[in-house]
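Fair warning: this is a prediction, and the values are worked out from it, not measured in the lab.
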Amino acid sequence: MATPDFIRDLRASAGHQLLWLPGVTAVVFDDEGRVLLGRRSDNGRWSLIGGIPEPGEQPAACAVREVEEETAVQCIVERLVLVQALKPVTYDNGDVCQFMDITFRCRAVGGEARVNDDESLEVGWFAVDALPDIKEFGQTRVKQALSDAPTWFEPTGSI
C-alpha cells in the first residue's frame, strides 16, 4: 500500500522502530445495502477501504478521501462504528507500526465503483450475506456497522 510522505520522513530518522499511527476504515453501503470492498494489490485479499490520515486531517474526512481515491465512489460518513488499538504489525522491510483504527459507517452518494489507484486489483459491491473471504477484522466491522449498537470500544474492565 502507498506509504504517505510524512511517514517516509519519519522513517528517515526513526528507522524501523514502532510508529503509533491513526488509521481509518470505511464500511460503505449503497442504496441496496451492499458493502464496498477492494481486493488489495499487496496481498490479493478482499478488504474494507481504509488508510492513514494526513497530519491535521480529520478521521471522517480521511475515510471519505480514501474511498474516493481507491474506488471512485463518493460517500458521506453516517456514524462512528468502532475505535480499537490494533496489534503491532511488522512489514517485510522491517518497519513496525501499530494503528489506532477508527471505523466509520458510510453511505455511497455518487460515482461508479472501479479500481481508481494502484492499491486495488478489483473493487466491487457485495451483498452482506454473500461477502467474499474477508478477514475477521472486516467481518467484525461490517457486523458492527449494521447494528444499532453504540460505538464499540474495548471495555476498560473497571467501574
Side-chain angles (χ1 to χ4, degrees), residues 1-4 7 19-54 57-92 95-157:
M1 305 318 284
T3 302
I7 293 177
L19 293 182
W20 173 247
L21 298 168
V24 300
T25 302
V27 183
V28 183
F29 294 100
D30 68 3
D31 290 339
E32 297 174 37
R34 299 177 300 174
V35 179
L36 180 64
L37 299 177
R39 194 162 69 84
R40 296 170 55 115
S41 60
D42 63 345
N43 63 19
R45 294 190 60 115
W46 286 100
S47 68
L48 296 167
I49 308 303
I52 299 170
E54 294 292 329
E57 183 179 30
Q58 293 296 325
C62 176
V64 169
R65 175 182 55 78
E66 288 287 344
V67 168
E68 186 164 12
E69 284 179 0
E70 295 181 26
T71 71
V73 170
Q74 291 101 37
C75 68
I76 59 170
V77 171
E78 294 184 319
R79 71 180 181 92
L80 180 63
V81 169
L82 173 150
V83 177
Q84 182 181 30
L86 304 178
K87 294 179 181 176
V89 175
T90 302
Y91 293 96
D92 290 342
D95 288 351
V96 182
C97 294
Q98 186 170 10
F99 293 95
M100 172 65 72
D101 179 58
I102 304 165
T103 298
F104 295 97
R105 178 187 168 113
C106 302
R107 181 171 43 91
V109 295
E112 294 293 323
R114 63 179 170 83
V115 173
N116 204 36
D117 65 12
D118 62 356
E119 294 186 36
S120 300
L121 300 172
E122 296 178 72
V123 170
W125 293 103
F126 295 88
V128 172
D129 60 356
L131 295 176
D133 182 29
I134 62 173
K135 290 185 175 185
E136 183 180 340
F137 175 94
Q139 294 172 14
T140 298
R141 281 148 179 77
V142 170
K143 181 179 176 182
Q144 185 67 21
L146 288 168
S147 79
D148 289 329
T151 301
W152 184 93
F153 56 91
E154 187 73 35
T156 62

Gap between atom CD of Glu66 and atom OG1 of Thr25 - 0.5 Å precision:
10.0 Å
Could you go through the side chain to side chain contact (heavy atoms under 4.5 Å, CB included) check for Leu37 and Leu48 one step at a time?
CA-CA 5 Å; Leu37 299 177; Leu48 296 167; 3.6 Å; yes
Point-to-point distance, once rounded to the nearest 0.5 Å, from CD1 of Ile76 to SG of Cys106:
8.5 Å
Would you name the heavy atoms of Val73 and Ala108 that are closest together and state the gap between them?
CG1-CB, 3.8 Å
Side-chain donor or acceptor of Arg105 paired with backbone N/O of Ala145 under 3.5 Å:
yes
Measuring from Thr3:OG1 to Asp95:CG, what's the distance to the nearest 0.5 Å?
7.5 Å
Which pair of heavy atoms, one from Pro150 and one from Gln144, lies closest together, and at what distance?
O-NE2, 3.0 Å
With Val128, which residues qualify under side chain to side chain contact (heavy atoms under 4.5 Å, CB included), at least two apart?
Phe29, Val35, Val142, Leu146
Taking every heavy atom of Ser41 against every heavy atom of Leu121, the minimum-distance pair comes out as CA-CG, 3.7 Å
ring-ring contact (aromatic ring centres under 6.0 Å, His included) pairs, two or more places apart, involving residues 59-92
none
Nearest heavy-atom pair of Pro4 and Glu54: which atoms, and what distance?
CB-OE2, 3.9 Å
About how many Å separate CZ of Arg114 and CD of Glu122, when rounded to the nearest 0.5 Å?
15.5 Å
Who pairs with Trp125 by ring-ring contact (aromatic ring centres under 6.0 Å, His included), at least two apart in sequence or on another chain?
none
Can you list the residues that meet the side chain to side chain contact (heavy atoms under 4.5 Å, CB included) rule with Leu86, with sequence neighbours excluded?
Gln84, Phe99, Asp101, Phe137, Arg141
Those residues that, when tested against Val123, pass side chain to side chain contact (heavy atoms under 4.5 Å, CB included) (two or more places apart)
Leu36, Thr71, Ala113, Val115, Ser120
Taking only residues two or more places apart in sequence or in another chain, which ones pass side chain to side chain contact (heavy atoms under 4.5 Å, CB included) with Pro53?
Pro22, Val24, Glu57, Cys62
Would you give the length of the straight line joining atom CD1 of Ile134 to atom CH2 of Trp46, rounded to the nearest 0.5 angstrom?
11.0 Å
For Leu80 and Phe104, what are the C-alpha separation, side-chain angles and deciding distance, and is it a side chain to side chain contact (heavy atoms under 4.5 Å, CB included)?
CA-CA 5 Å; Leu80 180 63; Phe104 295 97; 3.8 Å; yes
Atom pair CD1/SG of Ile52 and Cys97 - distance to nearest 0.5 Å:
6.5 Å
Please collect all salt bridge (Lys or Arg N to Asp or Glu O under 4.0 Å) contacts where either partner lies in residues 25-34, sequence neighbours excluded, each pair once.
Asp30-Arg34, Glu32-Arg34
Arg107: what forms a salt bridge (Lys or Arg N to Asp or Glu O under 4.0 Å) with it, not counting sequence neighbours?
Glu78
How close do Ile49 and Gly38 get, heavy atom to heavy atom, and via which atoms?
CD1-N, 3.8 Å
Test side chain to side chain donor-acceptor pair (under 3.5 Å) applied to Glu68 - qualifying residues, sequence neighbours left out
Gln74
Those residues at least two apart in sequence (or on a different chain) that pass side chain to side chain donor-acceptor pair (under 3.5 Å) with Gln58 are none
Among residues at least two apart in sequence or on other chains, which ones pass side chain to side chain donor-acceptor pair (under 3.5 Å) with Arg45?
none
Closest approach of Glu70 to Gly50 (non-hydrogen atoms, all atoms of both residues):
OE2-O, 3.0 Å
Residues in side chain to side chain donor-acceptor pair (under 3.5 Å) with Asp117, at least two apart?
none
